[in-house]
Chemist: 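Handing you this structure, nothing more for now.
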Amino acid sequence: RMEQSLRSEVQPLARLNRLESRIRQLRVLEIELPRLVDFFAVRSQLDLLNRATQAFSAELTQFIASSGEVGNMLALTDAWTRYQAELGAVSERASAMDMKRVEAISAFESAQHFSRIAQALEELSANTERQAQAARDKAISYLERQRQALLPISGLGLLLIAASFFWFARSLVLRVSLLRAAAGRIADGETNVDIVLPGRDELSELSQAFEAMRHKIADREQRFRDIADSSSDWIWETDAELRFCYFSERAAELLGRSL
């Protein structure tokens, strides 16, 4: 609707502006004609006048065909028909180098028809501007109604997006917490902790990497215990506070205690 409004506003006004520009150019060529005294200059001016007349006539015909106006169009068409007749008389007398008659026609007889054309174009411009303004206001009103109708939907959409983001963030934080807790337990020596997280994202791949690492640590620790238990040497292990946290079987037999 806004696009249609802009078209209905711009195109007719642009055509009317071109018509006003062409009729003024035509009038200037007509007024300048009696001032010329050279035959060839007169012929050149008449050629320009003829081409300007044809251009205005073609532009006016296109505008009338695309316009819905009736009253002003009739007045404009009538004034242009009469003005064309006067321009024909001007061309005829100028070709005969009768510049006094050309000046008289331009100053009195054709002037009133030019004024009627200019007035009709001004009225058409005013009417077109009013119609375009009404169409623009209607389009803006329609867009405002659409905006009001879409506000609840937009609000619901934003709520859904916020809820989805909250759920995703909560799920992400929970999975990261589980992964961090499992990694901490492995660091404390608990090698039987499962670290597999469901899903196919980066966190799941990271948990699988941790799980593979856990299995390797458990295998190495088991191999160490097997070697320690089959050895005749005393083997023990202390933690960071120098407390015993592991005795081999041989050490436990000799000390009479185990962990």
Side-chain angles (χ1 to χ4, degrees), residues 1-21 62-70 72-73 121-222 239-241 243 245-246:
R1 287 179 179 267
M2 181 62 75
E3 182 179 356
Q4 293 176 354
S5 174
L6 290 175
R7 285 182 179 178
S8 64
E9 175 182 356
V10 173
Q11 291 180 353
L13 287 176
R15 286 181 175 176
L16 284 169
N17 287 334
R18 287 196 299 268
L19 285 172
E20 291 177 350
S21 176
Q62 292 179 1
F63 179 74
I64 292 174
S66 63
S67 177
E69 291 280 348
V70 178
N72 288 328
M73 287 300 178
L121 290 175
E122 289 179 0
E123 292 176 357
L124 283 170
S125 295
N127 291 338
T128 302
E129 288 180 0
R130 285 193 295 267
Q131 293 173 1
Q133 182 64 42
R136 186 167 61 250
D137 293 343
K138 186 176 180 180
I140 292 175
S141 176
Y142 172 78
L143 290 177
E144 180 63 23
R145 291 196 302 270
Q146 292 288 346
R147 188 183 70 84
Q148 294 294 335
L150 290 175
L151 277 178
I153 300 176
S154 300
L156 180 60
L158 289 175
L159 287 177
L160 290 176
I161 293 174
S164 300
F165 179 78
F166 175 77
W167 177 84
F168 173 77
R170 185 174 180 275
S171 174
L172 181 63
V173 170
L174 178 60
R175 298 175 73 197
V176 170
S177 299
L178 291 174
L179 189 60
R180 182 175 58 188
R185 291 173 64 183
I186 291 176
D188 292 337
E190 299 183 33
T191 58
N192 58 346
V193 180
D194 292 332
I195 321 178
V196 179
L197 295 178
R200 297 182 179 179
D201 55 4
E202 289 80 0
L203 283 179
S204 299
E205 295 177 358
L206 182 60
S207 70
Q208 293 173 6
F210 270 107
E211 182 69 8
M213 181 183 68
R214 181 184 71 82
H215 282 293
K216 291 180 180 179
I217 292 174
D219 291 342
R220 290 178 181 177
E221 183 175 348
Q222 186 60 44
D239 58 16
E241 297 179 359
R243 293 178 300 184
C245 60
Y246 171 73

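When reading the values below, keep in mind they use all heavy atoms of this one structure, side chains included, and skip hydrogens, waters and symmetry mates.
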Chemist: Could you list all the salt bridge (Lys or Arg N to Asp or Glu O under 4.0 Å) pairs where at least one residue sits in residues 146-156, not counting sequence neighbours?
Modeler: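 Every salt bridge (Lys or Arg N to Asp or Glu O under 4.0 Å) pair that includes a residue of residues 146-156, provided the two are not neighbours, is E144-R147.
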
Chemist: What distance separates E129 CD from L124 CG, expressed to the nearest 0.5 Å?
Modeler: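 Between atom CD of E129 and atom CG of L124 there are 11.5 Å.
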
Chemist: List for me each residue that meets side-chain contact (heavy atoms from CB on, under 4.5 Å) alongside S125, sequence neighbours excluded, and say none if there are none.
Modeler: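 Partners of S125 under the side-chain contact (heavy atoms from CB on, under 4.5 Å) test: L16, E20.
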
Chemist: Distance check, rounded to the nearest 0.5 Å: L150 atom CG versus L156 atom CG?
Modeler: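 That separation rounds to 12.5 Å.
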
